[in-house]
Amino acid sequence: MKFCLLDADYEVRGGKPVIILIGVDEKGNRVAVEDRFLPYFYSSSARKVQHVVRTERVKMKLGRQEKNLFKVYVDLPQNVQKVRDELKRSADCYEYSVNFCRRYLMDKGFYPFDWIKNGKKVSGGMPRLRLMAFDMEVVDGKIVMISFAGKSTGVITWKKAKNAIQSADEKGMIKEFLSVLEKEKPHIIVTYNGDGYDFDVLRQRMEELGLRGPRITFEKRAYMSSARISGFVHIDLFNFVNNLIFQQLASEVYTLAEVSEELLGKTKKDISYEEIISMWKDDVNALSEYCRNDSKLTLELSEKLLPQIFELSRVSGHLPFDCSRLTYGLLVEWFLVRKAVEMGIIFPNQPHWDEIQKRRLRRFRGGYVREPVQGLHDEISVFDFRALYPSIIVTFNISPETLNCKCCSSKVPGLDYHFCRRKRGFVPSVLEEVMQRRQELKKRMIKAKGENHEQLKSEQNALKLVANSTYGIFGSPSARWYCFECGEAAAAYGRHYIQKTIRDAENFGLKVLYGDTDSLFVVANESLAKKFLKKINSSLPGIMELELQGIYARGLFVPQKLGNYTAKKRYALLDAEGGMTVRGLETVRRDWCSLARSLQRDVLRLVLEKRHAQAAGRVKEVVEKLRKRQVKMDDIVMRTQLGKSLEEYKATGPHIEVAKQLKAGGHEVREGMVISYIIAKGRGSISQRAVPSDKAGIKDYDIEYYVMNQAVSVALRVLRSFGYREEDFLGGSLRKFLE
DNA sequence: TACGGACGGGG
DNA sequence: GGGTACGTCCGTA
């Protein structure tokens with residue numbers, strides 16, 4: 001049978017491990033193919049302890065040497081650790097911590113989306129996969145609505161709603177949804193934060209209601225759990241956006257609304273939980289449309305993002321399930337592991353806990369930041385170094401085995417060690433191949449059309465992600481290829497070249513507004529910018545290159561130091577078409593009231609349009625409204641989650657005080673609850689004046705707190721550098737008013 | 001000034 | 001097959 005590889009799993013049957021490859025055949029059917037494989041690792045000892053099936057002599061490359069080792073085969077994956085612990089008492093062990101399925105795929109040379117026939121790779125293109133996105137709404141711990149979008153779309157709920165399938169109750173609704181899954185048989189299920197929410201609730205409700213269906217399990221990972229649903233590949237787009245492609249997005253908030261807006265150009269109304277509850281009570285039709293739209297957006301987003309996830313899979317060898325949840329570190333680490341295996345090189349062991357702790361204590365200096373010139377500027381050219389760190393690693397051959405060789409001596413700027421200039425290192429050689437492959441793809445991309453063009457684009461983008469993640473592993477304490485000197489050296493070269501470029505720009509007569517690590521903001525029009533670019537690039541070594549990232553009509557820089565804390569990367573740019581790019585300025589957290597959040601957005605846009613007076617006017621307007629209590633409860637409510645049980649708190653923040661009040665009033669207070677509150681007028685600290693939002697009204701809130709700590713505070717972040725002070729928004733009457 | 005605690009996505 | 005994310009910023013002691 002010929003099939004395209006999508007996923008892999010294993011089980012133990014009759015005391016032997018069985019690999020199960022999951023894929024899709026030429027007709028589009030889901031298939032599961034089994035194979036036999038034995039777990040193994042390398043050791044300098046061939047001692048036959050319990051669980052060892054057999055051993056084999058092998059010659060492997062370890063660092064700069066060739067080494068004779070034994071390949072130690074173990075009966076079951078779960079016994080690898082035991083055997084290793086046993087052998088480790090008297091021998092060296094390598095490559096023991098590799099997931100069994102991953103070991104199988106690496107050894108066979110299988111990559112996801114390879115076509116396989118009789119255990120051999122054969123040619124074939126990308127298969128057409130059936131997708132289904134789903135989304136649900138939850139009120140009072142019950143699922144009230146489920147929508148799905150794939151070949152067919154629909155909404156299921158247990159109240160009457162237009163264009164929705166109605167079921168008798170929650171149980172009937174979930175059953176109906178499971179039967180849709182059964183009928184449509186999607187290869188891929190897509191969600192937006194399904195790992196963190198939907199599947200968790202679905203599993204709980206199914207259990208509580210005694211429903212049978214596909215098994216939902218959670219795989220514990222470092223700082224999140226991944227939801228698996230048997231029979232399908234679950235891809236969580238939120239995790240992919242949040243972990244990997246956030247760098248390519250201007251948005252700093254990764255809500256479905258923001259991400260769809262940026263990637264699809266489709267706006268979605270951001271709706272508060274209260275609104276969802278009230279829609280379920282009073283307007284089920286509206287909730288149904290909202291829910292339907294979320295599935296639809298998730299599906300459309302997946303049409304944009306899945307090609308990227310799949311190409312990343314093909315390039316890195318990670319299964320699509322894992323790929324959608326990768327961090328940069330894991331992405332590049334396993335890519336390097338695969339390359340090492342292909343080259344017959346033993347890959348480094350994972351560091352132990354105490355080693356990680358030791359590494360954590362050492363820190364090297366990061367990128368250079370040139371303080372921004374505060375205020376508003378016209379005609380801004382933004383330059384950045386193309387793949388700064390990868391190009392440095394390749395150009396200066398930075399790798400653990402090239403550090404302080406005997407044959408060379410030219411030192412890293414400001415440091416007293418060097419890297420070999422003659423013999424290619426492992427990391428630079430792999431990285432160079434990645435970068436060359438990417439350049440070729442880019443050339444082919446220009447000529448290609450339609451689907452082919454899109455695939456090439458995704459593939460070169462995947463390579464870009466791999467390249468850009470590589471520098472990080474040198475400095476991350478838990479990485480296999482951790483190398484303090486390598487990280488420190490790459491950072492030192494980076495500082496050297498950005499500082500040199502800033503000096504060159506100034507000598508060229510350009511005003512430098514801001515610089516950070518690999519980027520440079522100057523006042524220059526396009527022709528001047530291009531002249532400068534040409535000059536710099538003729539002097540840069542190796543494959544290092546400066547690029548013109550963009551030209552902006554206007555930009556706003558906010559001071560790094562604000563009060564007693566320092567913040568970085570705070571700016572907003574306005575392009576020629578009026579589009580706004582905002583970095584580091586948003587107050588989007590739910591512990592700010594929505595009035596303050598929307599005020600800051602308004603102020604920012606007005607300032608960029610040089611309508612300062614209007615911006616200040618807008619602040620005054622909000623202050624006035626607050627004083628006259630002409631606001632809605634929704635504008636002033638703050639929400640904070642209880643991170644632990646009430647007894648565990650040492651400090652008492654506002655939400656803790658409110659939680660205590662709720663408890664005293666006979667309400668159940670649990671960990672994880674979101675406490676909604678407002679700050680009321682009266683005596684004492686802010687905490688002492690916090691009251692539950694449903695026990696308070698518009699007449700109760702503390703005007704001074706909302707004016708000063710919320711509205712004026714967020715507005716001043718933007719307006720302070722234009723000489724505005726608190727007093728400017730308060731009018732003369734505030735003091736008097738408060739007294 | 002130091003420290004505790006919460007933010008992120010979803011509903 | 002393993003990381004006590006992680007960088008930011010409020011409120012209180």
Side-chain angles (χ1 to χ4, degrees), chain A residues 77-78 80-81 95-103 135-145 191-201 219-224 236-243 246 252-259 271-277 279-280 287 290-291 294 298 322 327 329-330 333-334 337 349-353 355-357 359-360 476-480 562-570 584 586-592 638-644 648-657 674-675 679 685-688 690 709-710 713 717:
Chain A
Q78 60 261 43
V80 170
Q81 297 286 340
E95 303 200 357
Y96 40 79
S97 57
V98 187
N99 169 280
F100 185 53
C101 289
R102 183 165 285 156
R103 178 88 257 180
D135 178 53
M136 44 194 229
E137 308 304 324
V138 178
V139 174
D140 286 337
K142 279 188 175 178
I143 307 173
V144 299
M145 206 174 266
T191 62
Y192 203 82
N193 200 26
D195 279 352
Y197 191 76
D198 301 62
F199 274 111
D200 194 24
V201 175
E219 213 171 89
K220 273 268 175 206
R221 299 197 171 207
Y223 41 95
M224 55 166 178
D236 184 335
L237 296 179
F238 164 68
N239 276 323
F240 181 64
V241 169
N242 192 42
N243 293 344
F246 67 96
E252 299 203 55
V253 197
Y254 309 115
T255 58
L256 181 58
E258 285 287 328
V259 173
I271 274 183
S272 73
Y273 187 37
E274 279 82 0
E275 285 172 276
I276 286 172
I277 295 169
M279 277 198 283
W280 174 244
L287 187 62
Y290 172 79
C291 186
D294 274 6
T298 306
D322 294 317
T327 57
L330 286 173
E333 185 156 289
W334 287 100
V337 165
N349 288 337
Q350 271 174 235
H352 289 106
W353 176 240
E355 172 64 18
I356 294 175
Q357 291 311 311
R359 290 176 181 183
R360 275 183 203 286
S476 73
S478 55
R480 290 172 192 263
L562 262 177
N564 53 0
Y565 62 87
T566 40
K568 43 182 177 173
K569 297 186 174 68
R570 290 171 172 274
E586 274 151 329
T587 38
V588 287
R589 297 152 52 113
R590 67 175 165 202
D591 49 358
W592 286 89
M638 288 173 285
R639 296 180 185 82
T640 315
Q641 192 170 34
L642 285 179
K644 45 191 174 189
E648 291 172 75
Y649 280 96
K650 288 178 212 155
T652 35
H655 61 300
I656 307 301
E657 288 294 339
V674 176
I675 307 290
I679 304 300
S685 69
I686 291 170
S687 300
Q688 285 160 342
N709 296 35
Q710 297 276 328
S713 171
R717 271 170 218 281

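Proteins come first, then strands; the chains are lettered A, B, ... in the order of their sequence lines, and each starts at number 1.
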Worksheet item: Nearest to the side chain of A/W334, which nucleotide is it out of C/dT12, B/dG10, C/dG2?
Response: C/dG2
Worksheet item: Excluding sequence neighbours, so at least two apart, what forms salt bridge (Lys or Arg N to Asp or Glu O under 4.0 Å) with A/R103?
Response: A/E95, A/D107
Worksheet entry | Side-chain donor-acceptor pair present, A/T255, A/E258, cut-off under 3.5 Å | no
Worksheet item: Out of C/dT12, B/dG11, C/dG1, which has the shortest distance to the side chain of A/Y273?
Response: B/dG11
Practice prompt. Give a yes/no on whether any side-chain N or O of A/T652 is located under 4.0 angstrom from OP1 or OP2 of C/dT12.
Written response: no
Worksheet item: At under 4.0 Å between heavy atoms, what does A/L237 touch on the DNA or RNA strands: base, sugar-phosphate, or nothing?
Response: nothing
Worksheet entry | Residues that A/D195 engages under salt bridge (Lys or Arg N to Asp or Glu O under 4.0 Å), provided they are two or more places apart | A/R325
Item to complete: Give a yes/no answer on whether the side chain of A/T640 brings an N or O atom under 4.0 Å of OP1 or OP2 in B/dA6.
Response: no
Worksheet item: When the P atoms of C/dG1 and B/dG8 are considered, how many whole Å apart are they?
Response: 34 Å
Worksheet item: If only side-chain N and O atoms of A/R717 are considered, is one of them under 4.0 Å from the OP1 or OP2 phosphate oxygen of C/dC10?
Response: yes
Fill in: Atom-pair distance (CD on A/E333; P on C/dG2), nearest Å
12 Å
Discussion item. Nearest whole Å is fine: how far is C/dG1 P from A/R103 CZ?
Written reply: 11 Å
Practice prompt. Tell me which nucleotide among B/dG10, C/dT4, C/dG1 gets nearest to the side chain of A/L256.
Written response: B/dG10
Worksheet item: Taking atom C1' of C/dA13 as reference, at what distance in whole Å does atom CD1 of A/I686 sit?
Response: 14 Å
Worksheet item: In whole angstrom, what separates A/R639's CZ from B/dG8's C1'?
Response: 16 Å
Worksheet item: Which stems, defined as runs of 3 or more consecutive Watson-Crick or G-U wobble pairs with both pairing distances under 3.5 Å, involve DNA chain C?
Response: B:1-8 with C:6-13
Discussion item. At 4.0 Å (heavy atoms only), tell me whether A/N239 reaches a base, stays on the sugar-phosphate, or touches nothing.
Written reply: nothing
Discussion item. According to a cutoff of under 5.5 Å between the ring centres and under 30° between the ring planes, does A/F238 stack with the base of B/dG9?
Written reply: no
Taking N or O atoms only and anything under 3.5 Å, show me the protein contacts with nucleotides 3-5 of chain B, one pair per line.
residue, atom, partner, partner atom, Å
B/dG5, OP1, A/K650, N, 2.8
B/dG5, OP1, A/A651, N, 3.4
B/dG5, OP2, A/K644, NZ, 2.9

Discussion item. Quiz question: going by heavy-atom distance under 3.5 Å, is there a donor-acceptor pair between the base of C/dG3 and the side chain of A/S478?
Written reply: yes
Worksheet entry | A/Y290 side-chain proximity, nearest of C/dG2, B/dG9, B/dG11 | B/dG11
Worksheet entry | Nearest-nucleotide pick for A/E137, side chain only, options being C/dG2, C/dA13, B/dG11 | B/dG11
Discussion item. Classify A/R360 by what it touches in the nucleic acid, base, sugar-phosphate, or nothing, heavy-atom distance under 4.0 Å.
Written reply: sugar-phosphate
Worksheet item: How would you list, by chain and number, every residue that makes a salt bridge (Lys or Arg N to Asp or Glu O under 4.0 Å) with A/E219, sequence neighbours excluded?
Response: A/R221, A/R228
Worksheet item: When we call it a touch if two heavy atoms are under 4.0 Å apart, what does A/F199 touch: a base, just sugar-phosphate, or nothing?
Response: nothing
Practice prompt. Describe the nucleic acid contact of A/V98 in one word from base, sugar-phosphate, nothing, applying a heavy-atom distance below 4.0 Å.
Written response: sugar-phosphate
Worksheet item: Looking only at side-chain N and O atoms, does A/Q357 come under 4.0 Å of OP1 or OP2 in C/dT4?
Response: yes
Discussion item. List the residues meeting ring-ring contact (aromatic ring centres under 6.0 Å, His included) with A/Y254, not counting sequence neighbours, and say none if there are none.
Written reply: none
Response to the item:
With sequence neighbours left out, the residues meeting side-chain contact (heavy atoms from CB on, under 4.5 Å) with A/F100 are A/Y10, A/P17, A/I19, A/F37, A/P39, A/P77
Discussion item. Tell me the interatomic distance from A/Y254, atom OH, to B/dG8, atom P, rounded to whole angstroms.
Written reply: 14 Å
Worksheet, complete the sentence: Rounded to whole Å, CG of A/D294 lies from P of B/dG10 at a distance of 8 Å
Discussion item. On DNA chain B, compare the nucleotides closest to A/V674 and A/L642; which residue's is nearer the 5' end?
Written reply: A/L642
Fill in: Those residues that, when tested against A/I277, pass side-chain contact (heavy atoms from CB on, under 4.5 Å) (two or more places apart)
A/V139, A/Y273
Item to complete: Ignoring the backbone of A/N193, work out which of C/dT12, B/dG9, C/dG1 is nearest its side chain.
Response: B/dG9
Practice prompt. Have a look at A/S476 and say if it touches a base, only the backbone sugar-phosphate, or nothing, with a 4.0 Å heavy-atom cut-off.
Written response: nothing
Item to complete: With rounding to the nearest 0.5 Å, note down the distance linking CD1 in A/I675 to CD1 in A/I656.
Response: 8.0 Å
Worksheet entry | Set of residues satisfying ring-ring contact (aromatic ring centres under 6.0 Å, His included) with respect to A/F240, sequence neighbours excluded | none
Discussion item. Given C/dT4, C/dC10, C/dG1, identify the nucleotide with an atom nearest to the side chain of A/W592.
Written reply: C/dC10
